[in-house]
2 protein chains.
Amino acid sequence: MTEKQKAILDSALKLFASKGFDAVPTSAIAKEAGVSEGLIFRHFENKAGLLNALMQVGKEKLQEEMEALSQINKAEDKIVAIMEMPFHIDEEDYPFWRLVYSLKWQNEYYDDEMGKPMRDILIEALTELKYRDPEAEADLILAYLDGFATTVLLKGDIVDKDRLLQTLRKKYK
Amino acid sequence: MTEKQKAILDSALKLFASKGFDAVPTSAIAKEAGVSEGLIFRHFENKAGLLNALMQVGKEKLQEEMEALSQINKAEDKIVAIMEMPFHIDEEDYPFWRLVYSLKWQNEYYDDEMGKPMRDILIEALTELKYRDPEAEADLILAYLDGFATTVLLKGDIVDKDRLLQTLRKKYK
DNA sequence: ATTGTTAGTGAGTAATTGCTTACAAATATA
DNA sequence: TATATTTGTAAGCAATTACTCACTAACAAT
């Protein structure tokens, strides 16, 4: 991975995340990265290939996170850790998550598979805790999660993240 | 509002909602509506004007909903009604809300003002119920709301809406 | 040193984009 | 009925789009 490849990925992520995939021409990415437009296609084949490369990097990060999660042994702690995830997203990863969430709304790119491993972990933990309907309970938590993530990623500078998390913590006690 | 104007708006909403505003060319809208492309610009000036017209219609619908909400006099009922809103969205309005939520993720179109009146109503109700930090509590509920809406609009056919709502209802009792 | 491979450029390309314009048909107004 | 206004079309426009291609520069392997 050369410097220029990294520059292309960085610029693409930044632009895709703020304006949306379809609104960003490859010419703009090249300009932002200080690179000729042709180089994008040399390295990533086409515009969709760029997006794939971006998602690949992100998915690897996510997988690490999931493994860390599976280290937690108490079911309750596991659920809490999942619910608080959006509040602990590293700020440098905001662009990636903004991109993921924005793509969800476009039929063509919608990819549900990303959330599945988390759902499985949740169901397992909820079953262990003898919840009556672990699946519905898991889907409800995942819905919360989407909401928290949206709020953090979109209104992070308006809404007080810490105060929100504090209020949330009081709820499950 | 002529038949063809309505056809244009319908087609635009359908396409924008499923593919995203930037991914849909005016030519595709015209074709879907069975209309010449020029007519779009005659009636709506430009592509952004089309979007504005769409949002205008939607905002009027929303305003009606808000007035219905203010009719509820018990603060508790008001909060419950707000929290359950996403589960009671009329299915014919799904495209509109999908469009709204997809636009949130694009800097250029992001419009926060739409959620404000709801936040005010929430804060008022929570203050009446003597919550310690009504603002944070309101923001938390709004975060839930975003999550519920996302789930209903995006996974409405995968996740069992009614079962989810039932599970949610058990929580606040 | 020579050769092969990869990294990088810049000028193209055909197709598509949002939008305009000249004109015709329909409809309202007098 | 005559006239003005609105609704509609088809062709065309400059600009932009994703992508290609011929080429050079850098670097590695033999």
Side-chain angles (χ1 to χ4, degrees), chain A residues 1-57 95 99-100 102-103 105-111, chain B residues 1-58 95 98-100 102-103 105-111:
Chain A
M1 180 91 76
T2 72
E3 282 306 307
K4 301 216 167 185
Q5 276 192 62
K6 267 185 264 179
I8 290 170
L9 286 176
D10 280 355
S11 304
L13 180 55
K14 177 182 163 188
L15 292 170
F16 287 163
S18 69
K19 302 186 175 189
F21 179 75
D22 291 296
V24 178
T26 50
S27 59
I29 299 168
K31 197 185 232 176
E32 171 85 22
V35 147
S36 72
E37 200 180 344
L39 193 60
I40 293 176
F41 296 92
R42 159 127 319 198
H43 285 309
F44 303 100
E45 198 181 342
N46 50 36
K47 202 186 163 186
L50 232 187
L51 185 60
N52 285 340
L54 245 21
M55 299 302 279
Q56 198 56 43
V57 175
L99 176 57
V100 169
S102 75
L103 289 176
W105 295 96
Q106 283 165 262
N107 264 351
E108 202 172 344
Y109 311 113
Y110 182 58
D111 174 20
Chain B
M1 180 91 75
T2 72
E3 282 307 306
K4 300 216 168 185
Q5 277 193 62
K6 268 185 261 180
I8 291 170
L9 286 176
D10 280 355
S11 304
L13 179 55
K14 177 184 164 186
L15 292 171
F16 287 163
S18 69
K19 302 187 176 188
F21 179 76
D22 291 296
V24 178
T26 50
S27 60
I29 299 168
K31 198 185 231 176
E32 170 86 21
V35 146
S36 73
E37 199 181 346
L39 193 60
I40 294 176
F41 295 92
R42 159 122 319 180
H43 285 309
F44 303 100
E45 198 180 343
N46 50 36
K47 203 186 163 186
L50 233 188
L51 185 61
N52 284 341
L54 245 22
M55 300 301 278
Q56 198 56 43
V57 175
R98 288 204 184 102
L99 176 57
V100 169
S102 74
L103 289 176
W105 295 95
Q106 283 165 265
N107 263 351
E108 201 173 344
Y109 310 113
Y110 183 58
D111 174 21

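Chain letters run A, B, ... following the sequence lines, proteins first, then strands; residues in each count from 1. What's counted below: heavy atoms across the whole structure, side chains too, no hydrogens, waters or symmetry copies.
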Restricting to non-hydrogen atoms, name the atom on B:Ile29 and the atom on B:Leu50 that form the minimum distance, rounded to 0.1 Å. CD1-CD1, 3.8 Å

Residues in side-chain contact (heavy atoms from CB on, under 4.5 Å) with A:Ala7, at least two apart? A:Ala33

On DNA chain C, reading 5' to 3', which nucleotide is the first and which the last to sit with an atom under 4.0 Å from a heavy atom of chain B, could you check? C:dT17 to C:dT20

Sorted by first residue and then second, give each salt bridge (charged side-chain N to carboxylate O under 4.0 Å, His left out) pair with at least one member in residues 4-15 of chain B; sequence neighbours left out. B:Glu3-B:Lys6, B:Lys14-B:Glu32

Of all pairs that satisfy ring-ring contact (aromatic ring centres under 6.0 Å, His included), the ones with a partner from residues 26-50 of chain A, not counting sequence neighbours: none

Heavy-atom contacts under 4.0 Å between residues 44-52 of chain B and DNA chain D, which residues? none

If you compare all heavy atoms of A:Ile40 against all heavy atoms of A:Ala30, which two are closest, and at what distance to 0.1 Å? CD1-N, 3.9 Å

4.5 Å side-chain heavy-atom contact, B:Leu103 and B:Gln106: yes

Using whole Å, report how far CD1 of A:Ile40 lies from P of D:dA18. 9 Å

To the nearest 0.5 Å, tell me how far B:Ile8 CD1 sits from B:Thr26 OG1. 10.5 Å

Proximity to DNA chain D (any heavy atom under 4.0 Å), residues of residues 10-18 of chain B only: none

May I ask you to test the A:Asp22-A:Tyr109 pair for a side-chain heavy-atom distance under 4.5 Å? yes

Between atom CG of B:Asn46 and atom CG of B:Leu51, what is the distance when rounded to the nearest 0.5 Å? 10.0 Å

If a pair satisfies salt bridge (charged side-chain N to carboxylate O under 4.0 Å, His left out) and one of its residues is in residues 34-55 of chain B, list it, with sequence neighbours excluded. none

Atom of B:Ala12, atom of B:Leu54 and distance for their closest heavy-atom approach: CB-CD2, 4.0 Å

Those residues at least two apart in sequence (or on a different chain) that pass ring pair (Phe, Tyr, Trp, His ring centres under 6.0 Å) with A:Phe16 are A:Phe21

In B/S/- notation (B base, S sugar-phosphate only, - none; protein heavy atoms under 4.0 Å), nucleotides 4-14 of chain D written 5' to 3' is ---BBB-----

